[in-house]
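Worth saying up front: this structure is predicted, and the values here are computed from it rather than measured. Counting starts at 1 for both ligands and their atoms, in listed order. Atoms considered below: every heavy atom in the structure, side chains included; atoms not considered: hydrogens, waters and symmetry mates.
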Amino acid sequence: MRRSSDLSPEQADESAWWHDAVFYQVYVRSFADSNGDGVGDLDGIRSRLGYLELLGVDALWLTPFYTSPMADHGYDVADPRDVDPLFGDLAAFDRLVAEAHEHNMKITVDLVPNHSSDRHEWFQAALLAAPGGPERNRYIFRDGRGFDGSQPPNNWTSIFGGPAWTRVADGQWYLHLFAPEQPDLNWDNPEVSADLARTLRFWLDRGVDGFRIDVAHGMAKPHGLPDMDVRAEQASGVLHDNALDPRFDDDGVHEHHRMIRKVIDSYPGRMAVGEIWVQGDDRFARYVRPDELHLGFNFRLVQAGFEAEQVRAAIEHSLAAVAPTGTPPTWTLSNHDVVRHVTRYGGGALGAQRARAMALVQLALPGVVYLYNGEELGLPNVELPDWALQDPTWVRSGHTDRGRDGCRVPLPWEGSAPPFGFSSGQGSWLPQPDEWAGLTAERQLEDPDSMLSLYRQALELRKSTEGMSGTELEWYGAPPGCFAFRRKGGGLICALNTSGAPVPLPPGEVLLSSGPMDGDQLPPDTAVWLV
Ligand code: NOJ
């Protein structure tokens, strides 16, 4: 049990259930399909709540399931207050919330405030309206440059490749930082924030416990839409550098987060986490000030290689970023936008061994952990054939960037052939590799040495071990390529060896290790918990 003296005032507040929670990201399309169409859905998630309870997670984050033409698999929202028929309906959502709560799991949902779908009724009205009218003012329409307006209004590029502007029939251009089917909303227009407040209340009233805010460093755009520095483009998709790139992290965005916080504060015990790809701990900290978001996603562990010095720097940065605000840090190794970490760490048996080690590092840290569905099964990225690729990045990049489909392949649940219990139908929206027969949840539940068994043990110990108390770390001296930290409050030690040779273990009794120990030595590519 944690001692309340180890916790900050917010953490000591019982209603702040998220302060050391383990969230599980459900990429809805790929988790479980209840109706045989090859696409995951809300009833599918409900049918697997027993598994999630057994795994031991506290809360789910559901990726967008709202009405959408699916140009970006749901991150193009045509109606933010309804469920797309592909995923179910509002009654299915209500059933899921009720049953998750019976299983003691919180439900958090994704909000997409930076842009809508081009099929949203607002955008359809904007297209029909004349330039300069109120319908266009909900989006960012501008005249083009050049004597005939045939050049885009500025040099901004889309995150998915190509220009961030598309021209409409009457000659004006509209801004889309992502796909053309995702026009950016104009957050200077009060109608836009009033509509988000309505959406927040809609889902809060249906019982959701929190939100993940998509592109939380977007929304506000700088006055005059100045050009970006072309060097920023090479950094596209990674931590955003404010000095080069005015597309994101404009100071005006914080007013919108204060509005979001005000609405959420009127529903006790609810929270929001922002997707914040910014460089600079100081810029990050601004999003988690007491009147803004409760948590910010931190992507530093995603960006660190399997190398002790890099991982330690990522941890120290993440802790430093939130220290001035007193909000808990968050930890993520994978999500639906990045290459799965088994593959990032080298793939195959080595990648899996390292992923096991990093699971123990991540789960030994103070604060909030976000797991991505399938990481508990040790799923690697999948090399998909060209014909299977669906991510808009593939087409937008002129078939040079294969996009994110490889980390979104549906989960293997049971059996020996695709679709491995994912669907009662014949297939799945992205093909699963035959080799996943060895990685099904069914197989791994029976095997005490599986990745799934490691996650289950680690999650159980994270909850029950006194050694996990406290919010601070102290670092021990360690050989090159290794580190060891101790949870200051409870005393648990976590040691990681990324060097090529075994190293002596720090003193203590082994509670859990990511692989076999070598006497009193910690083998390469292994992590251990000691008390
Ligand atoms: C971030 C989401 O995680 C990603 O999947 C999506 O494509 C973009 N935001 C645009 O909404």
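Figure legend: Lys106 and Trp17 shown as a cation-pi pair, the cationic atom lying under 6.0 angstrom from the six-membered ring centre and within 45 degrees of its axis. Figure legend: cation-pi geometry between Arg142 and Trp165 absent, as NZ or CZ is not positioned both under 6.0 Å from the six-membered ring centre and within 45° of its axis. In this structure, Arg136 satisfies the cation-pi test against Phe141, with its NZ or CZ atom closer than 6.0 Å to the six-membered ring centre and inside 45 degrees of the ring normal.
With a heavy-atom cut-off of 4.0 Å, Glu275 touches ligand 1 through its side chain alone. Only side-chain heavy atoms of Phe160 come within less than 4.0 Å of ligand 1; its backbone N, CA, C and O stay farther off.
Under a cut-off of 6.0 angstrom, the local environment of CZ in Arg198 is sparse, with at most 12 non-hydrogen atoms contributed by other residues, nucleotides or ligands.
Residue Gln25 places no heavy atom under 4.0 Å from ligand 1.
A search for side-chain contact (heavy atoms from CB on, under 4.5 Å) contacts involving Arg167 returns Ser150, Trp173, not counting sequence neighbours. Contacts of Val215 classified as side-chain contact (heavy atoms from CB on, under 4.5 Å), with partners at least two apart in sequence or in another chain: Asn114, His115, Phe178, His217, Phe248, Glu275.
Relative to atom 11 (O) of ligand 1, the option among Val112, Asp214, Val215, Asp391 with the closest non-hydrogen atom is Asp214.
Near His115, the atoms of ligand 1 lying under 4.0 angstrom from a non-hydrogen atom of the residue are 10 (C), 11 (O). Every atom of ligand 1 is numbered from 1 in the order shown, and the set under 4.0 Å from a heavy atom of Arg408 is 5 (O). Within ligand 1, the atoms closer than 4.0 Å to a non-hydrogen atom of Arg404 are 4 (C), 5 (O), 6 (C), 7 (O), numbered from 1 in the order shown.
Of all protein heavy atoms, the one closest to atom 8 (C) of ligand 1 is Phe178 CE2, 3.8 Å. Among protein heavy atoms, the minimum distance from atom 5 (O) of ligand 1 is reached at Asp337 OD1, 2.7 Å. Closest protein heavy atom to atom 7 (O) of ligand 1: Asp72 OD2, 2.5 Å.
Here the CE-CG distance, from Met219 to Asp184, works out to 11.0 Å after rounding to the nearest 0.5 Å.
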